[in-house]
Amino acid sequence: MLHLAHNNAHDEIISEKIQADIGSVMASRTLRKRLHHGDVDGKNNEHLETSGSDDLNEPLLGNYYSDTHAEESTIEETWDDERRKEHLHWTLLFSQLIAQWARWLANIVLGSGSLIGRLLTFPSTTQNGQSTKLLAPPLSPLQEARLRKLRQRLEVPFDGSRVEHQDALLQLWRLAYPDKELPPLKSELWKQMGWQGSDPSTDFRGGGFISLENLIFFAQQYPESFQRLLHKQDGTRAEWEYPFAVAGINISFVLAQMLDLQSAKPASLAGIRFLELLQEDEMAFDNLYCVAFQMMDAQWLAKRASYMEFNDVLKSTTSQLERELALEDVSSVKDLPAYNMLRR
């Protein structure tokens with residue numbers, strides 16, 4: 001009898017895990033189907049949760065929004081919360097329906113460690129009807145070293161008085177305009193690149209030095225895409241376009257928040273999946289930045305947006321990027337569907 005009770009308890013534990021993860025696998029397949037059917041504008045599930053950070057300030061373009069727009073965003077976020085709760089409700093109902101045969105299924109797959117390993121990669125629990133944060137698997141020494149190096153980069157502010165930062169800014173100009181003469185560090189010519197004033201150093205308040213590194217990386221690794229976005233060559237553009245350079249700073253900022261890089265250990269699904277990408281590619285953040293920039297421009301065109309809608313486009317971009325990171329067969333940045341939009 002004691003042995004039987006032990007087996008029943010064990011079965012129930014396995015059953016609960018499989019119920020939760022079958023729902024996760026089905027959700028992943030649904031996301032894949034949606035992405036492959038052209039979910040370009042990312043209108044579904046656009047809620048983005050961000051956490052405060054002492055090292056990064058608010059996105060620069062976000063300061064231009066009125067209080068009315070902020071209230072509208074709050075209302076949209078409230079509706080997003082309601083939709084998420086409704087989705088969770090139906091998920092729980094579905095789990096109850098499969099509870100009986102899930103125990104039988106658990107007995108069958110109990111001997112298959114590989115299958116269970118695939119199903120239980122990212123376990124999550126629920127408490128009081130709400131999803132809790134995911135538990136990240138232990139990091140390898142390589143992941144820890146690369147994550148530590150990335151966080152050190154995020155902590156470096158742009159300093160216009162440092163020679164290496166000045167040189168990096170001039171390097172970006174050479175990459176953007178190889179046939180033009182270098183301008184002084186303070187010149188009206190910088191506005192051509194999408195800086196807000198004659199002194200680009202005043203625009204780095206939101207992203208730090210890493211945002212300049214990201215722009216340089218983009219120009220070096222994907223020069224065709226960089227030039228097309230810089231000169232707004234794709235699609236029908238708005239009369240009042242987003243400023244290229246400042247938009248790049250904002251993308252660095254929201255990407256670091258989305259991946260939960262300021263936490264002691266990322267606990268969001270996007271952050272955990274990013275750690276896997278970091279295992280395969282030390283420059284995963286920079287490559288993901290290029291994907292996000294290209295994706296943002298595609299969202300901009302799809303929405304026929306104007307400058308004042310930039311934050312909405314940025315939210316849609318991060319939502320789509322989160323969905324692509326959740327796909328089960330993504331093991332590197334190059335596996336993301338949106339990566340195919342980049343051109344070298």
Side-chain angles (χ1 to χ4, degrees), residues 57-65 157-255 286 289-314 317 341-344:
N57 299 318
E58 288 300 314
L60 192 56
L61 293 183
N63 294 337
Y64 289 164
Y65 282 78
F158 181 86
D159 186 349
S161 65
R162 294 178 60 175
V163 175
E164 58 268 34
H165 290 197
Q166 296 174 1
D167 290 344
L169 195 57
L170 295 175
Q171 181 186 6
L172 178 62
W173 180 275
R174 294 190 191 95
L175 292 167
Y177 307 107
D179 299 327
K180 292 185 178 181
E181 184 178 352
L182 278 175
L185 290 173
K186 294 183 180 180
S187 170
E188 293 294 316
L189 294 174
W190 287 102
K191 294 181 181 180
Q192 298 177 17
M193 194 186 294
W195 302 102
Q196 294 186 340
S198 59
D199 184 4
S201 64
T202 62
D203 286 340
F204 284 94
R205 291 169 292 181
F209 184 62
I210 192 173
S211 59
L212 179 55
E213 292 180 318
N214 291 153
L215 283 167
I216 292 173
F217 182 89
F218 192 12
Q220 289 176 330
Q221 299 300 318
Y222 307 97
E224 182 178 343
S225 289
F226 179 89
Q227 290 293 331
R228 296 190 71 84
L229 268 60
L230 171 64
H231 297 291
K232 306 295 194 302
Q233 294 176 344
D234 294 330
T236 302
R237 315 304 305 199
E239 183 177 352
W240 197 11
E241 279 289 319
Y242 65 85
F244 175 81
V246 177
I249 293 176
N250 277 261
I251 292 172
S252 296
F253 171 83
V254 298
L255 192 58
D286 299 78
Y289 168 89
C290 299
V291 173
F293 209 142
Q294 183 69 64
M295 185 186 291
M296 184 276 294
D297 191 75
Q299 295 273 353
W300 180 271
L301 294 174
K303 290 177 177 291
R304 298 182 178 180
S306 63
Y307 181 84
M308 297 304 293
E309 299 171 285
F310 179 81
N311 273 11
D312 291 335
V313 173
L314 207 54
T317 300
M341 293 190 295
L342 288 173
R343 297 290 180 268
R344 295 183 182 273

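Atoms considered below: every heavy atom in the structure, side chains included; atoms not considered: hydrogens, waters and symmetry mates. Starting from 1, each residue takes its place in the sequence as its number.
- Of all heavy-atom pairs spanning G194 and P243, the tightest one is O-CB, 3.2 Å.
- Open room surrounds NZ on K186; 12 or fewer heavy atoms of other groups in view lie less than 6.0 Å from it.
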### Query
Run the side-chain contact (heavy atoms from CB on, under 4.5 Å) check on Q171 and L215 step by step: do they pass?
CA-CA 10 Å; Q171 181 186 6; L215 283 167; over 6 Å; no

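- Looking at L314 and I251, their side chains come closer than 4.5 Å, going by heavy atoms from C-beta outward.
- To the nearest 0.5 Å, atom CD1 of residue I249 and atom CD1 of residue I210 are 12.5 Å apart.
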#### Entry: Residue pair L185, D199: steps toward the side-chain contact (heavy atoms from CB on, under 4.5 Å) verdict
CA-CA 7 Å; L185 290 173; D199 184 4; 5.9 Å; no

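- In plain terms, the two heavy atoms of M341 and S225 that are nearest each other are O-OG, 4.0 Å.
- When side chains are defined from C-beta on, H165 does not count as touching L212, because their heavy atoms never get closer than 4.5 Å.
- Under the 3.5 Å distance criterion, the side-chain polar atoms of Q227 are matched with a main-chain donor or acceptor of A176.
- The shortest non-hydrogen separation linking W190 to S198 is CD1-O, 3.7 Å.
- The line from CE of M193 to CG of L172 is 4.0 Å long, rounded to the nearest 0.5 Å.
- A distance of 10.0 Å separates SG of C290 from CD of Q220, quoted to the nearest 0.5 Å.
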### Message
Apply side-chain contact (heavy atoms from CB on, under 4.5 Å) to residues L170 and Q166 and explain how you reach the verdict.
### Response
CA-CA 6 Å; L170 295 175; Q166 296 174 1; 5.5 Å; no

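- Side-chain contact check for F218 versus L229: some heavy-atom pair is nearer than 4.5 Å.
- Without hydrogens or angle criteria, E241 side chain to A238 main chain gives a donor-acceptor distance under 3.5 Å.
- Atoms CG and NZ, from D234 and K232 in turn, are 11.0 Å apart once rounded to the nearest 0.5 Å.
- F217 and Y289 have their aromatic ring centers separated by at least 6.0 angstrom.
- Side chain of D297 to backbone of F293: no donor-acceptor contact under 3.5 angstrom is found.
- Summarising the geometry of G207 relative to S211, their closest heavy-atom pair is C-OG, 3.8 Å, with the distance given to 0.1 Å.
- Looking only at distances, a side-chain donor or acceptor of D203 sits under 3.5 Å from a matching main-chain atom of Q196.
- Below 30°, between 30° and 60°, or above 60°: for F226 and F244 the angle between ring planes is above 60°, a perpendicular geometry.
- At distances below 3.5 Å, at least one donor-acceptor pair connects side-chain atoms of R344 with backbone N or O atoms of Q221.
- Ion pairing of D167 with R174 is absent here, as no side-chain N (NZ or NE/NH1/NH2) approaches a carboxylate O to less than 4.0 Å.
- Note: D312 CG to F310 CZ = 11.0 Å, rounded to the nearest 0.5 Å.
- Here the two rings, on W195 and F204, have centers that are under 6.0 Å apart.
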### Message
Assess the residue pair Y177 and Q192 against the criterion (side-chain contact (heavy atoms from CB on, under 4.5 Å)); give the C-alpha distance rounded to whole Å, side-chain angles, the decisive distance to 0.1 Å, and a yes or no.
### Response
CA-CA 10 Å; Y177 307 107; Q192 298 177 17; 3.9 Å; yes

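- With a 6.0 Å radius and a threshold of 12 heavy atoms from other residues, nucleotides or ligands, E181 has its CD atom at or below the threshold.
- Of the inter-residue distances, the one linking Q299 atom CD with T317 atom OG1 reads 4.5 Å to the nearest 0.5 angstrom.
- Y242 places no side-chain N or O within donor-acceptor distance of the main-chain N or O of W300, the cut-off being under 3.5 Å.
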